[in-house]
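Note sheet for the following structure.
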Amino acid sequence: MTALQITDIGPLLNEMLKGDMFDRFLLKEASVSAAFTTAIDGMISESFFSEEDLEKFALAGLSYIPFSFVRPICLNLIRGNRKPTAFQFQFLLSPQNQKKTVEQSGSSFQNEDITGLFLNLNYKNDALVCTTGISYKIFSPDKSLENEWDRQAAIFFKKHGIAVSKL
């Protein structure tokens with residue numbers, strides 16, 4: 001796990017809310033505190049979607065909604081003349097990208113050993129910090145996957161022109 005300070009918040013918010021920077025991630029949960037606090041549980045309600053819709057929108061087999069589905073809602077919560085007092089987004093790497101990351105890590109882990117690879121964005125007191133995390137199904141002292149995920153997170157921000165510094 002690593003913590004990265006986002007040194008310029010504006011470009012990240014612009015890319016996140018108006019661009020497609022996080023569209024390939026799933027949204028596990030989010031909260032935005034402004035005049036009131038809004039909480040979003042990203043768990044897909046399968047009873048809402050028909051089987052046809054699940055296939056059409058590539059949601060079949062997913063537990064959480066792709067961020068692209070809720071990005072417009074999040075934009076509406078954050079935009080305005082006054083910035084929110086706090087927000088938190090917990091992004092989950094998509095199953096396809098998780099599998100690639102596990103394979104590229106050179107670790108002893110198999111994709112089945114991992115519940116999820118996370119990017120957590122937390123904004124409060126005018127500071128935005130991203131922490132990485134991995135949820136394992138098994139115990140192992142092997143940190144190679146963690147190191148690879150931390151490395152890829154830093155590359156991800158750099159690719160999108162987002163300045164970060166390691167905390």
Side-chain angles (χ1 to χ4, degrees), residues 1-34 38-46 48-50 52-84 86-105 111 114-124 127-135 145 148-166:
M1 183 180 97
T2 193
L4 302 170
Q5 177 83 41
I6 310 299
T7 55
D8 193 359
I9 299 168
L12 178 108
L13 287 178
N14 195 46
E15 286 292 318
M16 183 175 95
L17 299 171
K18 295 179 181 176
D20 64 355
M21 182 175 177
F22 288 95
D23 282 2
R24 289 180 200 82
F25 284 84
L26 307 178
L27 182 67
K28 187 168 187 298
E29 61 185 40
S31 68
V32 177
S33 297
T38 303
I40 299 170
D41 178 352
M43 185 165 277
I44 292 175
S45 177
E46 288 189 22
F48 179 80
F49 296 99
S50 68
E52 222 174 66
D53 286 342
L54 289 171
E55 291 299 323
K56 177 181 173 184
F57 298 121
L59 300 175
L62 296 178
S63 298
Y64 296 98
I65 197 83
F67 182 65
S68 59
F69 278 68
V70 293
R71 182 167 33 91
I73 296 165
C74 296
L75 174 61
N76 283 332
L77 291 171
I78 292 178
R79 82 165 60 175
N81 294 332
R82 299 176 80 178
K83 61 186 175 185
F87 62 77
Q88 176 269 328
F89 288 86
Q90 188 174 47
F91 294 105
L92 178 62
L93 198 59
S94 69
Q96 308 90 305
N97 288 330
Q98 175 181 304
K99 184 176 182 195
K100 282 186 212 174
T101 301
V102 171
E103 289 170 357
Q104 291 174 351
S105 72
N111 192 46
I114 309 301
T115 304
L117 283 85
F118 296 90
L119 283 182
N120 304 299
L121 294 177
N122 290 292
Y123 172 79
K124 63 181 175 181
L128 180 57
V129 175
C130 175
T131 55
T132 61
I134 300 176
S135 177
L145 180 58
E148 178 63 14
W149 180 229
D150 293 346
R151 185 184 77 77
Q152 286 191 22
I155 290 169
F156 172 74
F157 287 111
K158 185 175 182 177
K159 175 183 165 190
H160 288 280
I162 306 301
V164 299
S165 62
K166 198 169 183 177

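If you read the sequence from its start, that first residue is 1, and numbering goes on from there.
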With rounding to the nearest 0.5 Å, note down the distance linking CD in Q98 to CD in E103. 10.5 Å

Taking only distance into account, with no hydrogens and no angle test, what donor-acceptor pairs under 3.5 Å do side-chain atoms of residues 58-71 form with protein atoms, sequence neighbours excluded?
unit_1: R71; atom_1: NE; unit_2: G19; atom_2: O; d: 3.1
unit_1: R71; atom_1: NE; unit_2: D23; atom_2: OD1; d: 2.9
unit_1: R71; atom_1: NH1; unit_2: G19; atom_2: O; d: 3.4
unit_1: R71; atom_1: NH2; unit_2: D23; atom_2: OD2; d: 2.7

Please find the pair of heavy atoms, one from R151 and one from E148, that lie closest to each other, and give the distance. NH2-OE2, 2.8 Å

Out of the candidates I78, L77, N122, T38, only one should pair with F87 under the side chain to side chain contact (heavy atoms under 4.5 Å, CB included) rule; please name it. I78

Show your reasoning for whether side chain to side chain contact (heavy atoms under 4.5 Å, CB included) applies to T2 and W149. CA-CA 9 Å; T2 193; W149 180 229; over 6 Å; no

Evaluate the side-chain proximity of K99 to V102: yes if any heavy-atom separation is below 4.5 Å, no if none is. no

Quick test of your reading: applying salt bridge (Lys or Arg N to Asp or Glu O under 4.0 Å), list the pairs with at least one residue in residues 6-17, sequence neighbours left out, ordered by first then second residue. none

Where do F91 and L27 land on the side chain to side chain contact (heavy atoms under 4.5 Å, CB included) test, with the steps shown first? CA-CA 5 Å; F91 294 105; L27 182 67; 4.1 Å; yes

Side chain proximity check, C74 to F89, heavy atoms < 4.5 angstrom: yes

Side chain T132, main chain D150, donor-acceptor under 3.5 Å: no

Euclidean distance, K28 NZ relative to I40 CD1, rounded to 0.5 Å: 14.0 Å

Is the distance from the ring center of F156 to that of F25 below 6.0 Å? yes

Atom pair CD1 (I9) and CD1 (I162), whose distance is rounded to the nearest 0.5 Å: 11.0 Å

When rounded to the nearest 0.5 angstrom, what distance separates CG in L145 from CD1 in I134? 4.0 Å

d(L121 CG, Q90 CD) to nearest 0.5 Å is 10.5 Å

Distance from L93 atom CG to Q152 atom CD, nearest 0.5 Å? 8.0 Å

Could you check whether N120 and Q88, counting side-chain N and O atoms only, form a donor-acceptor pair closer than 3.5 Å? no

Side chain to side chain, L12 and Y123, heavy atoms closer than 4.5 Å: no

Quick one: do R79 and L17 satisfy side chain to side chain contact (heavy atoms under 4.5 Å, CB included)? Show the steps, please. CA-CA 9 Å; R79 82 165 60 175; L17 299 171; over 6 Å; no

With a sphere of 6.0 Å drawn around CD of Q104, does it hold more than 12 non-hydrogen atoms of other residues, nucleotides or ligands? yes

What pair of heavy atoms forms the shortest contact from P84 to V32, and how long is it? CB-CG1, 4.1 Å

Got a sec, which residues hit salt bridge (charged side-chain N to carboxylate O under 4.0 Å, His left out) with D20, two or more places apart in sequence or on another chain? none

For F157 and M21, run side chain to side chain contact (heavy atoms under 4.5 Å, CB included): C-alpha distance rounded to whole Å, both residues' side-chain angles, the deciding distance at 0.1 Å, then the answer. CA-CA 9 Å; F157 287 111; M21 182 175 177; 3.6 Å; yes

